[in-house]
Amino acid sequence: MRIRFAVAILPLLSVLACAPTISGQAAESQVEATLTRLFDAMRTADGNAAAAIFHPEARLQSVSVQDGEPTLQTIPGSAFVEAIGTPRTQIWNERTWDLEIRVDGNLATAWMQYAFFLDDTFSHCGVNAVQLFRGDSGWQIIHVTDTRRTSPCSPPAD
């Protein structure tokens with residue numbers, strides 16, 4: 001029985017293994033475009049745009065040092081989306097550089113340095129490590145981990 005099942009499923013597995021997937025530069029460009037839409041949504045306080053970018057099960061974590069001790073803070077992605085869409089007087093401007101993207105099928109990882117500004121006033125900097133999933137809705141963020149510090153920071157000139 002087990003042999004018949006294995007023989008019966010082999011053609012299906014080979015078809016799935018050969019199914020077309022977007023990889024390489026095209027997928028990396030799509031991931032980068034997703035990240036650009038996130039930072040645009042943050043600047044414009046567009047919660048609807050942010051909601052489309054985050055998978056419903058996404059979460060965010062921040063690594064920092066408080067009172068000399070390493071800390072890890074975790075929030076659901078929905079809380080961050082809500083914060084993005086909350087009306088405010090200051091612009092959240094996250095500038096990124098040194099973007100590295102890796103893609104394997106429907107999973108992507110993006111690593112970048114960033115500096116965060118409220119309007120034109122520097123707030124903090126660090127590294128974003130972002131994981132994305134490609135499903136029926138396209139690329140969506142499933143996890144963000146960032147580091148937060150106030151120095152050393154050296155964002156490139158605009």
Side-chain angles (χ1 to χ4, degrees), residues 19-158:
T21 60
I22 299 171
S23 61
Q25 189 61 40
E28 289 178 18
S29 294
Q30 291 173 356
V31 168
E32 185 172 0
T34 301
L35 296 170
T36 298
R37 286 194 313 274
L38 168 62
F39 299 128
D40 289 345
M42 289 170 60
R43 275 188 287 281
T44 60
D46 188 342
N48 291 329
I53 295 164
F54 280 89
H55 188 276
E57 296 179 37
R59 70 179 185 165
L60 287 80
Q61 295 185 298
S62 290
V63 175
S64 62
V65 176
Q66 295 179 2
D67 299 324
E69 296 294 322
T71 63
L72 177 66
Q73 296 175 320
T74 303
I75 64 168
S78 58
F80 186 59
V81 167
E82 184 178 334
I84 288 172
T86 299
R88 58 182 168 273
T89 58
Q90 294 178 308
I91 296 171
W92 292 5
N93 186 13
E94 188 155 336
R95 300 177 192 164
T96 65
W97 65 98
D98 292 342
L99 175 63
E100 297 176 31
I101 297 173
R102 306 256 172 120
V103 178
D104 183 28
N106 295 317
L107 175 69
T109 298
W111 177 277
M112 72 208 76
Q113 294 188 61
Y114 78 91
F116 184 82
F117 295 80
L118 293 171
D119 290 329
D120 292 324
T121 304
F122 172 77
S123 173
H124 59 277
C125 66
V127 170
N128 289 326
V130 183
Q131 289 192 314
L132 300 95
F133 164 74
R134 181 177 45 213
D136 293 339
S137 299
W139 287 105
Q140 289 186 300
I141 295 171
I142 56 174
H143 193 250
V144 177
T145 303
D146 67 67
T147 59
R148 294 188 185 188
R149 60 182 183 276
T150 54
S151 68
C153 297
S154 20
D158 286 335

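Note: hydrogens, waters and symmetry copies are ignored here, and every other heavy atom, side chains too, is used. The first residue of the sequence shown is numbered 1, and numbering continues consecutively from there. What you see is a predicted model; the values in this text were computed from it and never measured.
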Between atom [atom1] of [X] and atom [atom2] of [Y], what is the distance when rounded to the nearest 0.5 Å?
{"X": "Gln25", "Y": "Gln30", "atom1": "CD", "atom2": "CD", "value": "10.5 Å"}
{"X": "Asp120", "Y": "Gln90", "atom1": "CG", "atom2": "CD", "value": "10.5 Å"}
{"X": "Leu38", "Y": "Ile141", "atom1": "CG", "atom2": "CD1", "value": "4.5 Å"}
{"X": "Thr74", "Y": "His143", "atom1": "OG1", "atom2": "NE2", "value": "7.0 Å"}
{"X": "His124", "Y": "Tyr114", "atom1": "NE2", "atom2": "OH", "value": "3.5 Å"}

Legend entry - Electrostatic pair Arg102:Asp104 at N-O distance under 4.0 angstrom: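 Salt bridge between Arg102 and Asp104, a charged N being under 4.0 Å from a carboxylate O: no.
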Tell me, yes or no, whether the heavy-atom count around [X] atom [atom1], taken from other residues, nucleotides or ligands under 6.0 Å, exceeds 12.
{"X": "Arg43", "atom1": "CZ", "answer": "yes"}
{"X": "Trp97", "atom1": "CH2", "answer": "yes"}
{"X": "Glu57", "atom1": "CD", "answer": "no"}
{"X": "Asp98", "atom1": "CG", "answer": "yes"}
{"X": "Gln61", "atom1": "CD", "answer": "yes"}

Any heavy-atom pair between the side chains of [Y] and [X] that's under 4.5 Å?
{"X": "Glu94", "Y": "Asn128", "answer": "yes"}
{"X": "Gln66", "Y": "Gln73", "answer": "yes"}
{"X": "Leu35", "Y": "Glu32", "answer": "no"}

Which pair of heavy atoms, one from [X] and one from [Y], lies closest together, and at what distance?
{"X": "Ile142", "Y": "His55", "answer": "CG2-CB, 3.7 Å"}
{"X": "Leu99", "Y": "Ala110", "answer": "CD1-CB, 4.1 Å"}
{"X": "Gly105", "Y": "Trp139", "answer": "O-CH2, 3.7 Å"}
{"X": "Asp46", "Y": "Ile84", "answer": "O-CG2, 3.9 Å"}
{"X": "Gln140", "Y": "Phe54", "answer": "NE2-O, 3.5 Å"}
{"X": "Gly77", "Y": "Leu60", "answer": "CA-CD1, 3.5 Å"}

Legend entry - Parallel, tilted or perpendicular: rings of Trp92 and Phe80 (30°, 60°):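 Parallel: the ring planes of Phe80 and Trp92 meet at under 30°.
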Strictly distance-based, threshold 3.5 Å: is any side-chain N or O of [X] a donor or acceptor partner for the main-chain N or O of [Y]?
{"X": "Asp119", "Y": "Ile91", "answer": "yes"}
{"X": "Arg149", "Y": "Thr147", "answer": "no"}
{"X": "Arg37", "Y": "Asp40", "answer": "no"}

Inset, instruction - Could you note down all residue pairs passing disulfide (SG to SG under 2.5 Å) where residues 41-152 supplies at least one of them, sequence neighbours left out? - result: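 Pairs touching residues 41-152 that pass the test: Cys125-Cys153.
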